[in-house]
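Remember, it's a predicted structure, so these values are computed and weren't measured experimentally. Position 1 is the first residue of the sequence, and the numbers go up from there. Atoms within each ligand, like the ligands themselves, are counted from 1 in listed order.
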Amino acid sequence: MGEPPILPHDPGCIFCRIVAGLIPCHKLYENDTLICFLDIGPVVPGHTLVVPKSHYHNVFDVPAELLGHLGQFLPAMAKAVTAAVEAPACHILLNNGSEAMQSVLHLHYHIIPRKRGDTFYVPWLPGRLDVDTARDLIVRITKRLEI
Ligand code: AMP
């Protein structure tokens, strides 16, 4: 048996400290790659976090393979969470960067179960996409797409 791999880690990061067992959490599940626990400030009952054990800031720096693991895992946990609180739907949400409401700079997904008439409010105010803006954005985005 070899040594366990040394994961990217930030000792000042609250989620790294949870992963290391230095601070408690209400754990739902863990495996070699990720840990799931209840959000300490739930926006609705059942609000759950899915957190990779490795410290990466967000999807801009996480390896694709790890993102793949997380993506494959998410449906099972989302189904369990929504069923447990008898919700018909959920958000699977990732705040990617401080300006996008990411407060803990360690990649994580929120699973937020939703019911009609619940108290969670997302102020999503649609604008209007005009043709010139759309054409300009298509050029600017596609020329930067590194795939
Ligand atoms: P975000 O704004 O997307 O970075 O979300 C961070 C989430 O982590 C918030 O919903 C917090 O309530 C949650 N959180 C912060 N500290 C803890 C903790 N010690 N245990 C559980 N959840 C936490």
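In this structure a side-chain-to-backbone donor-acceptor pair under 3.5 Å is present from Thr82 to Ala78. Side chain of Asp61 to main chain of His57: a donor-acceptor pair is present (N/O by atom type, distance under 3.5 Å, no hydrogens or angles). Judged by distance alone, the side chain of Lys53 and the main-chain N or O of Glu30 form no donor-acceptor pair under 3.5 Å. For the pair Arg114 (side chain) and Val44 (backbone), a donor-acceptor distance under 3.5 Å is absent.
At the top of the distance list for atom 1 (P) of ligand 1, counting protein heavy atoms only, stands His108 NE2, 3.2 Å. Nearest protein heavy-atom neighbour of atom 9 (C) of ligand 1: Asp39 OD2, 3.3 Å.
Between the side chains of His55 and His106, at least one donor N or O lies within less than 3.5 Å of an accepting N or O.
Taking all heavy atoms of Val43, Asn95, Ile40 into account, the minimum distance to atom 14 (N) of ligand 1 is reached by Ile40.
For Phe15, every heavy-atom contact with ligand 1 shorter than 4.0 Å involves the side chain, none the backbone.
Using a 4.0 angstrom heavy-atom cutoff, Leu94 does not count as in contact with ligand 1. The closest approach between a heavy atom of His110 and any atom of ligand 1 is below 4.0 Å.
Residue Leu38 has at least one heavy-atom neighbour below 4.0 Å for each of these atoms of ligand 1: 21 (C). Atoms of ligand 1 found under 4.0 Å from any heavy atom of Met101 (numbered from 1 in listed order, with element): 1 (P), 2 (O), 3 (O). Near Ser103, meaning under 4.0 Å from any of its heavy atoms, are these atoms of ligand 1: 1 (P), 2 (O), 4 (O), 5 (O), 6 (C). Residue-ligand proximity, Ile18 to ligand 1, at heavy-atom distances under 4.0 Å covers atoms 18 (C), 19 (N), 20 (N). Residue Val104 approaches ligand 1 through these ligand atoms, each under 4.0 Å from one of its heavy atoms: 4 (O), 6 (C). Listed by atom number, the atoms of ligand 1 under 4.0 Å from Leu49 heavy atoms are 8 (O), 13 (C), 22 (N).
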For this session: List the steps and the verdict of ring-ring contact (aromatic ring centres under 6.0 Å, His included) for Phe37 and Tyr29.
Result: CA-CA 7 Å; Phe37 49 87; Tyr29 176 82; over 10 Å; no
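Within 6.0 Å of CG on Asp130 lie more than 12 heavy atoms contributed by other residues, nucleotides or ligands.
Looking at ligand 1, you won't find any N or O of Gln102 less than 3.5 Å from one of its N or O atoms.
Here the options are Leu28, Asp39, Ile111, Ile18, the test is side chain to side chain contact (heavy atoms under 4.5 Å, CB included), and the partner is Leu49; only Asp39 passes.
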